[in-house]
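The structure displayed is predicted, hence computed values, not measured ones.
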Amino acid sequence: MCKNSKNILLSAVLAAALCFSACSEQNAEQTETISDTVTSLSETTIITGNEIESEAEDGLSESPAANADDVTEAEDYDTDNPETGLVYFIQPMIEQYDEYDEWNLAVWECRDTDVLRGWHYDDEWKYRKELIFVFSNYTDEPVTVDSIQIIRESDGTLISFADSSNVLDIDFTVQPGHKTDYLLRAEDFDYSACESGIYNAIVNVGLEGYGREFFINNSELYEETVPLLWYRTEQIGIAPTFLTEEQKMFFAKAHVRMSEFFWCDSCLSAWYAEKHTADEFIEMFTDVFTEDYAWSLARSRYIDENGSLRESLGGRGIDMSYYGHCFFPGSSDDEQVTFKAVVTYCHSDNPYEVWFEEKDYHMVNTENGWRVDKFSLWN
């Protein structure tokens, strides 16, 4: 599920010279019954019409509105797709630019098939420019989705649709035993006007509302600030576009170092550990990391309790659940800069399961230039 194959290339030529390695290495069923029609959804929050009501301008009650405070994550997790009631899923991320990934150029076609148990579509999320709702009706009666609402998770704001309302009536029926797409088109919902971040899509079925999270990415993810040369030891490194040119270069180099020595296939051979001191090893990092941070990283993996280099046979396996990431600026001045990345994940065995993680970054301005003293790889 990795978004961009460029990330795979980041394991280092330099690291390969130093080591021999190989990478080793909630969907809890939840059923709610709606009278007359079984419409249970898995790992979703149910918001009843009695709890929250939205009044239309003409004074009539609209479909039940949702509040971010009422939407909670399921406590359990299961890689199997639920196969009871009406099941609702959406894709992990919406992107409004084309330059990084040809998948963004895919043409969407509605999929309407018989429900197949324990199975999902191939290339599920090739189309990423508008939100696809996937409904599977495991009941023997038609189920109608009345309306959709979108909530910004950061502050609980209900986002308006093109008609200026907070509720989009769709009156979309899923036939019994069918799995059917519904596309929320840009003509109904202006994705490009949304700030980057996590959102919650609420579908209303009768008096019940069911929510699932997704990410809207309207920012440029990164720039390639270190050239990729296949026949030399230089690799590609990425950096957020909101950094200064100098900061970008140091951050991109830090990305290369982290990918060389702290990614899935990073290792250190017994031969190198015997022939070099810990100080010599640390010198490879201090052009991009502060010395204290370089030592902290090295001790976690390559330096023993006596302060000597030790063999390392590789770290964790590649994170197959990684889907994409988006950088967000924090604070900055002449002395330091902080920012974060929000990483989107999908379970490798079930692309419908989506979750998010924040990673923090910090750079300081030293007498030798900018240095990184907090860095986390995002995949």
Side-chain angles (χ1 to χ4, degrees), residues 30-72 82 85-91 94 108 110-112 129-139 141-153 155-176 178-194 198-216 352 354:
Q30 171 183 331
T31 303
E32 299 289 336
T33 301
I34 299 176
S35 59
D36 301 326
T37 307
V38 180
T39 58
S40 66
L41 281 77
S42 173
E43 196 186 322
T44 56
T45 300
I46 299 177
I47 303 104
T48 66
N50 293 330
E51 292 171 342
I52 304 172
E53 293 184 352
S54 175
E55 295 298 325
E57 292 181 0
D58 60 4
L60 297 177
S61 178
E62 295 185 358
S63 300
N67 185 298
D69 292 338
D70 299 304
V71 180
T72 57
L86 176 72
V87 180
Y88 149 50
F89 293 103
I90 52 179
Q91 69 217 79
I94 305 300
W108 177 80
C110 178
R111 296 164 295 188
D112 186 6
K129 297 187 72 65
E130 296 166 311
L131 191 61
I132 302 172
F133 295 72
V134 181
F135 298 101
S136 295
N137 184 0
Y138 289 95
T139 78
E141 298 288 341
V143 177
T144 297
V145 180
D146 301 307
S147 60
I148 295 171
Q149 294 169 283
I150 305 292
I151 297 174
R152 186 167 56 221
E153 288 285 86
D155 57 10
T157 298
L158 278 166
I159 307 301
S160 296
F161 293 90
D163 61 3
S164 299
S165 72
N166 293 329
V167 179
L168 180 67
D169 295 323
I170 63 172
D171 193 26
F172 184 77
T173 299
V174 186
Q175 297 300 322
H178 272 243
K179 184 174 190 173
T180 309
D181 290 350
Y182 175 83
L183 182 68
L184 179 57
R185 295 189 179 278
E187 64 191 49
D188 293 319
F189 183 74
D190 189 358
Y191 299 94
S192 63
C194 297
I198 301 170
Y199 290 77
N200 202 319
I202 309 297
V203 298
N204 297 307
V205 181
L207 295 179
E208 309 296 335
Y210 305 92
R212 282 192 173 272
E213 291 182 330
F214 67 103
F215 196 93
I216 293 180
Y352 302 119
V354 182

Would you indicate whether the side-chain heavy atoms of [Y] and [X] approach each other to under 4.5 Å?
X      : Y      : result
Val205 : Val143 : yes
Tyr182 : Val145 : no
Cys194 : Phe189 : yes

Cut-off 3.5 Å, side chains only: do Ser147 and Asn204 have a donor facing an acceptor?
yes
Within the distance-only criterion (no hydrogens, no angle test), does the side chain of [X] pair as donor or acceptor with the backbone N or O of [Y] below 3.5 angstrom?
X      : Y      : value
Arg212 : Tyr88  : yes
Thr139 : Glu141 : yes
Glu130 : Leu184 : no
Asp181 : Val134 : no

Considering non-hydrogen atoms only, spot the tightest contact between [X] and [Y] and give its length.
X      : Y      : value
Ser160 : Asn166 : OG-OD1, 3.3 Å
Phe133 : Ala201 : CE2-CB, 3.9 Å
Thr180 : Cys110 : CG2-SG, 4.4 Å
Asn137 : Val174 : ND2-O, 3.0 Å
Pro142 : Thr173 : CB-CG2, 3.9 Å
Ile94  : Lys129 : CG2-O, 3.5 Å

Could you grab the distance from atom [atom1] of [X] to atom [atom2] of [Y], nearest 0.5 Å is fine?
X      : Y      : atom1 : atom2 : result
Phe214 : Glu153 : CZ    : CD    : 9.5 Å
Asp163 : Asp169 : CG    : CG    : 8.5 Å
Gln149 : Asn200 : CD    : CG    : 10.5 Å
Ser165 : Leu158 : OG    : CG    : 10.5 Å
Leu86  : His178 : CG    : NE2   : 13.5 Å
Tyr138 : Lys179 : OH    : NZ    : 6.0 Å

For Ile202 and Ile151, run side-chain contact (heavy atoms from CB on, under 4.5 Å): C-alpha distance rounded to whole Å, both residues' side-chain angles, the deciding distance at 0.1 Å, then the answer.
CA-CA 8 Å; Ile202 309 297; Ile151 297 174; 4.1 Å; yes
side-chain contact (heavy atoms from CB on, under 4.5 Å) for Ser136 and Phe89? Distances and angles first, verdict last.
CA-CA 9 Å; Ser136 295; Phe89 293 103; 5.9 Å; no
Pair Asp188 + Arg185: basic N to acidic O under 4.0 Å:
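Salt bridge absent between Asp188 and Arg185.
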Full working for side-chain contact (heavy atoms from CB on, under 4.5 Å) between Val167 and Ile148
CA-CA 6 Å; Val167 179; Ile148 295 171; over 6 Å; no
Given Phe172 and Val203, is the side-chain contact (heavy atoms from CB on, under 4.5 Å) satisfied, shown in steps?
CA-CA 10 Å; Phe172 184 77; Val203 298; over 6 Å; no
